[in-house]
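Naming: A, B, ... by sequence-line order, numbering from 1 per chain. Scope of the values below: all heavy atoms of this structure, side chains included, with no hydrogens, waters or symmetry mates. Here the structure is a predicted model, which means the values were calculated and not measured.
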There are 2 protein chains.
Amino acid sequence: MIVGESEMAEVNDLPGEQGSERISEAEHAVMEALWEKNPLTAAEVCEQVCDRRGWSMPTVKTLLSRLVAKGAIATEPDGRRFLYRPLLARTAYLGGESRRLVDRLFGGRAAPLFAHLAETEALTDDDIAEIERLLRELRK
Amino acid sequence: MIVGESEMAEVNDLPGEQGSERISEAEHAVMEALWEKNPLTAAEVCEQVCDRRGWSMPTVKTLLSRLVAKGAIATEPDGRRFLYRPLLARTAYLGGESRRLVDRLFGGRAAPLFAHLAETEALTDDDIAEIERLLRELRK
DNA sequence: AGCCTTCGACTACATCTGTAAACATTAAGT
DNA sequence: ACTTAATGTTTACAGATGTAGTCGAAGGCT
């Protein structure tokens, strides 16, 4: 079963899309770490997330690999290890996810989502104040 | 107002939570059909969604079974077949999903989500007007 | 020059999801 | 009664996901 393998795998396969693949929740946690500060080594990413999520290094490694495969992050060699940095901007990710939710659940309209948040008391006073401020700004 | 259905879940609650299991996207499509009109037979659900999603009856059957297993819908025998009706209210589902998104991506604060929608021009004028109206209502 | 540590790569594996076929049952028509 | 069409149940299977172990190369240490 353990097939001897000496070939070097292409890390650079599909050049097609860069940010198109869906990012899972666990992967997202890794992305957050990288968005907060980058580039980071795998060990540094682990420092940021392993405790919080109860993960071990291998898990982080896997997630990093998958993110690289998905084109969400890039690696650059730093001596013998890699530094990871995001390719996908946090803004783009948030925007995409938000839009997906709004499209899927609220027919693409943001107002019903807002109404729901309000209803379920997911809106703090601060939120409301902030949103009013944003609205005024939009009005300009 | 969006104040939704009552909850009439009680018949057979698994030991644990009742609406707690996550509902997948495909399952959600089935739920939408049932929320729109219920109770429905499996065949009727299929009529509602199979074309739109390119599904076959077996697929719908599977999804219905899984939804039953998750406690999101209930069956009642109608002759030899079953009628399906939602146990999980649409309102609750939407609220839950919205909150999940807000928690996961925006640190539980709705304002940043709102800011994002605004920024990415995902807010129509109608949305803005509607939200202002909702805000005024909240202020009361 | 070897041994140990450190990393990335590869492999593993259970669960969930999407999608569906095979099977069993049973009402219904003939 | 016997076949058939409808309907729920069981099983299947590939791909994604969560989580992690193993392997082999590269450097560092003695």
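- Here B:S65 lies out of heavy-atom contact (under 4.0 Å) with every strand.
- For D:dA20, the OP1/OP2 oxygens have a side-chain nitrogen or oxygen of A:S56 closer than 4.0 Å.
- Each of A:G79 and A:E25 was assigned the nucleotide of DNA chain D with the nearest heavy atom; the assignment lying further toward the 5' end belongs to A:E25.
- Distances were taken from every side-chain heavy atom of B:T62 (C-beta onward) to each of C:dT17, C:dC7, C:dT19; the shortest belongs to C:dT19.
- Between the CZ atom of A:R66 and the C1' atom of D:dT17 there is a distance of 6 Å, rounded to whole Å.
- Remark on DNA chain D: of its neighbouring residues B:M57 and A:S24, the 5'-side contact belongs to B:M57, judged by nearest-heavy-atom nucleotide.
- Rounded to an integer number of Å, the gap from B:K70 NZ to C:dT17 C1' is 8 Å.
- A salt bridge links A:D78 with A:R81: the distance from a Lys NZ or Arg NE/NH1/NH2 to an Asp or Glu carboxylate oxygen falls below 4.0 Å.
- Between B:E132 and A:R136 no salt bridge is recorded (no basic side-chain N to carboxylate O distance below 4.0 Å).
- The interatomic distance linking A:L67 (CG) with D:dT17 (P) rounds to 10 Å, in whole Å.
- Note on B:T41: nothing from the nucleic acid sits closer than 4.0 angstrom, heavy atoms only.
- The CZ atom of B:R80 sits 14 Å away from the C1' atom of C:dA24 (whole-angstrom rounding).
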